[in-house]
Amino acid sequence: MGNILIKKVTYIGDNFYYESPEFDSGVNIIEGVNGSGKTTLMNLIYYSLSGDVKNFNKNKNNKEKHKEITSDTNNYVELDIIISGERYLLRRSIGKNFITTSDSSGNLEAFSINRNESPIIFSDWLLNKLNINVLDIFQGNNSFKLNIKDLFRLIYHDQNPDPKKIYKSPDNESFISDSEYVRKLIFQVLLGKGFEKYYSSIGKLKEAENQRSSALSIFKEFEKLSNQLYPNEKDIMNLEFLKNRIKLFKEQLSKLSNARELLKVSRPSESDSAWKQIDKNKSGLINIELDLQQLTDNLNAKRHEQYKYEVYRDGIIKEVTQLKKIIHAHETLDVFKSNSCPFCLNVMDRKKNECYCGCTIDEDTFEKFFFSTDEYWSLLKSRKKSVETADLVIESVLLEKKSLEKEYKALTIKSQELKTSIKNALSKVDRKSIDINKLNEIDDKSLEVKNELQVLNKKLDFEEQLKQYKDTFEIKDAIFKNLDREIKILELKANSDMQSIIKDFNLIYNSLMMATLKKLRSAKIDSESYEPIVDEGVYREASSRVSIRFNYYLSMLKMALNDESVKFPNFLLIDTPQTAGIDTEELKKLISQFNDIDNINYQVILTTGLDLYPATLKNKVRETLTDDDMLLKPIIT
Amino acid sequence: MSEKNKYERTLLFSTKDDLYFITYNVMVVLKYLGCNGKKKFRDINKLAFILEFISNKELIWALDKSNENQKDKMLLSKAYSDGLMRVNSVKRVLFTLKGMGLIEFSENNREIWLKENEKTLSFFNGEYFEYEKDNLNMLKSRIKRLNNITVDKFLDSVFSNKGVQSWATF
């Protein structure tokens with residue numbers, strides 16, 4: 001069993017601060033005059049546990065703003081709290097939707113408050129610490145998860161504007177959040193034992209129902225498609241029939257294939273060797289053709305090589321003839337000499353080791369612009385040599401080309417021979433020995449059977465798919481029905497548990513009510529709605545409303561103290577139950593009931609007016625708030 | 001001169017860049033166009049391009065083929081640019097030849113002709129220039145009044161009309 005124990009509440013802002021005294025287990029009373037901040041304290045606690053407090057909303061349109069807190073800046077509330085034996089610090093900034101938690105070893109975590117912002121929220125964290133499962137709740141088409149805020153509707157006894165209502169109003173009122181269904185659920189989760197299992201099974205059932213209905217719709221769609229594809233009665237065949245049909249066709253096909261082989265075998269044996277020879281020649285011919293192709297490529301490459309060398313040689317030969325003419329011109333005309341000026345072309349007297357301009361040069365490396373007869377002759381000689389070299393290269397290329405051509409010719413002859421031999425052999429083979437008509441007949445029939453087989457196989461695939469969908473649906477259906485049955489049993493058990501819980505609750509509630517209201521004869525809660533019924537619905541005194549509600553919450557606490565397996569976190573927040581005009585003595589009597597609780601494994605934080613508590617609980621007063629000593633203290637700078 | 005330097009000079013030598021190449025070709029053109037004083041060669045800029053044609057028979061054949069032949073077009077295009085680069089060298093050679101007393105210029109330097117003397121006679125002695133003579137005759141039969149037309153007209157008929165752009169102005 002989990003429980004909540006608040007040690008301290010701190011509020012810090014730029015303008016105000018508040019630091020509570022240390023709270024303890026058992027009753028903790030905060031007394032104070034009206035407007036001194038008692039409700040604010042309750043709300044700060046509720047807010048720090050992820051509650052939604054409208055007064056703290058800074059929104060401009062909010063007409064019930066808590067002036068000091070909404071106008072304060074950088075403000076947050078911090079809760080020093082023990083949850084199921086472990087101490088934590090919870091901190092929530094005002095106006096922010098996340099809470100940071102830190103444990104005693106300093107591990108810090110931050111949780112969002114709203115479920116649409118994060119998969120795991122503060123409520124899930126806290127419920128987990130309290131050992132309460134996070135239940136999925138289904139109502140009509142809506143599904144949502146149970147929050148700590150929902151459970152607080154029977155933990156936080158606020159100043160309810162409507163005294164007839166037992167439950168605190170939900171933070172966000174809607175027809176779902178305040179439905180009787182949800183109210184009952186809160187009661188059952190807090191007090192019931194088997195109900196958690198029952199509600200989590202309902203989640204599973206809904207999941208199973210969804211899967212079942214989607215499987216059903218797929219199956220139905222496919223069935224519809226099947227009816228459209230095969231609209232004729234005669235086309236509809238079940239799986240077994242289809243399989244048999246396919247088997248039959250396959251057998252027929254293999255018989256046909258056998259018959260075909262037999263026809264081939266019946267070919268005369270002497271032509272068999274002739275066919276072998278033809279096959280051999282054929283493969284020989286293919287090899288030769290491949291070689292020929294390779295040879296053609298090589299020959300073309302050689303021809304190209306020859307052409308390139310010839311073009312090169314012709315170029316040099318032309319140069320040789322031109323050189324001869326140059327030498328002739330030089331010898332006969334003697335226009336340019338090795339000492340001609342390269343610019344004006346006139347002959348000049350150049351000194352050795354000196355350039356035309358007069359600079360010193362190395363005669364050996366000095367590039368002259370004109371050649372002597374000797375130099376022209378040596379040029380001619382080297383060009384002639386180049387022609388000779390080119391001739392040699394061309395000659396060797398020609399030789400290679402010739403050998404390739406020879407090879408080519410030989411292979412061409414061989415290929416021709418093989419072709420002739422194959423042609424002759426083919427003409428000799430007695431092809432009439434195969435019954436072509438029969439063969440064709442068999443082939444036609446085979447084709448027909450194959451086509452039919454294809455159609456049948458398609459149909460088989462389709463039928464198998466249909467069966468698979470049907471099977472899936474049936475499995476899902478079975479799962480659903482099983483769960484449904486289980487849930488009915490769980491429900492019965494939970495209901496019977498609930499009845500015994502209600503009986504226990506009624507005993508406690510009745511005795512508490514009888515002790516506080518002297519005119520009352522009986523008090524109990526409705527076994528269906530868990531709403532209180534006082535004097536069978538006859539008792540109508542308005543002031544009794546306070547006792548009816550107060551005792552309801554107190555009964556819950558007492559139930560939890562009696563039975564450790566109850567999930568109720570042994571914690572109550574009670575804000576001055578004074579509104580419905582209850583007289584002072586009655587209120588004191590109500591509060592004095594805490595004296596009767598022996599077990600101190602609980603915590604109640606209760607606010608009340610000045611001195612509006614029994615004298616016996618005087619030592620439980622933790623703080624007194626007055627007009628001079630309000631809850632929020634201004635920070636004086 | 002070391003062997004290495006000799007080898008380098010041999011490698012770098014190109015007959016078509018040698019001034020004697022221009023010399024003998026110019027002489028051949030003047031001789032076989034009959035420019036001997038009575039007949040004169042007009043517009044010396046033309047010579048550089050004529051040189052291209054008479055030293056390469058393929059170019060003359062290219063003149064006869066259709067314009068679509070890409071290879072011929074490339075040959076002609078190269079001849080145009082080579083000729084263009086040789087124009088100034090030809091002029092330099094011509095003035096040298098004049099100085100050597102081998103050719104003569106008119107007063108306005110626009111016409112030239114071959115002088116007949118011992119040197120020129122011995123130069124044309126023998127059958128050295130049959131190839132060039134042949135080519136020149138072929139060119140003559142294709143281009144009328146080869147000795148007399150302006151360089152622009154000559155370029156039009158051998159390049160522009162064959163689809164090769166000529167851009168230089170003289």
Side-chain angles (χ1 to χ4, degrees), chain A residues 307 310-312 314-348 350 352-353 361-387 389, chain B residues 1-28 31 51 54-58 88-103 114-115 117-133:
Chain A
Y307 169 76
E310 278 172 356
V311 167
Y312 170 73
D314 292 349
I316 315 177
I317 288 175
K318 201 172 175 186
E319 262 194 76
V320 167
T321 60
Q322 284 171 347
L323 250 174
K324 279 179 183 164
K325 288 166 200 172
I326 284 171
I327 292 170
H328 171 69
H330 180 56
E331 280 175 346
T332 52
L333 303 176
D334 195 19
V335 187
F336 312 107
K337 303 187 171 64
S338 47
N339 274 346
S340 291
C341 166
F343 305 103
C344 66
L345 303 179
N346 287 320
V347 178
M348 63 176 292
R350 186 175 69 81
K352 215 176 176 188
N353 293 325
I361 47 101
D362 176 6
E363 194 68 29
D364 255 12
T365 54
F366 183 64
E367 189 196 332
K368 284 182 287 177
F369 291 85
F370 303 101
F371 296 83
S372 65
T373 313
D374 280 353
E375 281 168 337
Y376 275 130
W377 276 112
S378 80
L379 278 169
L380 183 65
K381 230 167 94 185
S382 87
R383 291 297 192 269
K384 274 184 172 167
K385 188 102 187 150
S386 297
V387 176
T389 316
Chain B
M1 193 180 282
S2 72
E3 280 303 312
K4 182 173 164 274
N5 287 335
K6 257 189 200 169
Y7 179 66
E8 275 175 7
R9 270 168 73 78
T10 313
L11 267 187
L12 288 170
F13 178 79
S14 160
T15 48
K16 286 189 84 180
D17 290 338
D18 196 274
L19 290 183
Y20 276 119
F21 175 76
I22 296 172
T23 306
Y24 79 73
N25 275 302
V26 166
M27 302 270 287
V28 165
K31 166 87 178 171
L51 248 62
I54 66 164
S55 61
N56 188 356
K57 203 179 234 72
E58 279 183 65
N88 281 326
S89 300
V90 171
K91 277 183 190 166
R92 277 169 69 215
V93 168
L94 286 178
F95 285 110
T96 310
L97 295 183
K98 184 190 167 198
M100 300 286 292
L102 294 171
I103 60 166
L114 194 67
K115 278 174 91 173
N117 52 34
E118 203 181 321
K119 268 193 175 173
T120 53
L121 278 175
S122 79
F123 177 73
F124 285 111
N125 195 11
E127 295 182 340
Y128 281 100
F129 306 109
E130 288 305 304
Y131 178 77
E132 286 76 7
K133 191 176 152 191

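Residue numbering restarts at 1 for every chain, and letters A, B, ... go by the order of the sequence lines.
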Handout entry: side chain to side chain donor-acceptor pair (under 3.5 Å) involving K91(B) - partner list, sequence neighbours excluded
Key = N45(B)
Problem - Heavy-atom contact with chain A under 4.5 Å, split by part of T23(B) - result: side chain
Fill in the blank from the handout: When the 4.5 angstrom heavy-atom criterion is applied to Y131(B) and chain A, the contacting part is side chain
Practice task
Would you mind checking which part of L102(B) comes under 4.5 Å of any heavy atom in chain A, side chain (CB onward), backbone (N, CA, C, O), both or neither?
Solution key: side chain
Problem - Min side-chain heavy-atom separation F129(B)-N25(B) under 4.5 Å - result: no
Practice task
Could you point out which residue of L97(B), T120(B), T96(B) forms a side chain to side chain contact (heavy atoms under 4.5 Å, CB included) with I103(B)?
Solution key: L97(B)
Exercise for the section: For each of L323(A), L379(A), L333(A), tally heavy-atom pairs with chain B at distances under 4.5 Å, and name the one with the top tally. Expected result: L333(A)
Practice task
Report yes if the distance between the aromatic ring centroids of Y24(B) and H328(A) is under 6.0 Å, otherwise no.
Solution key: no
Exercise for the section: Could you check which of K318(A), K325(A), K324(A) has the highest count of heavy-atom pairs closer than 4.5 Å to chain B? Expected result: K325(A)
Practice task
Would you mind reporting whether I326(A) and F371(A) have side-chain heavy atoms less than 4.5 Å apart?
Solution key: no
Problem - Segment of N56(B) engaging chain A (4.5 angstrom heavy-atom cut-off) - result: both
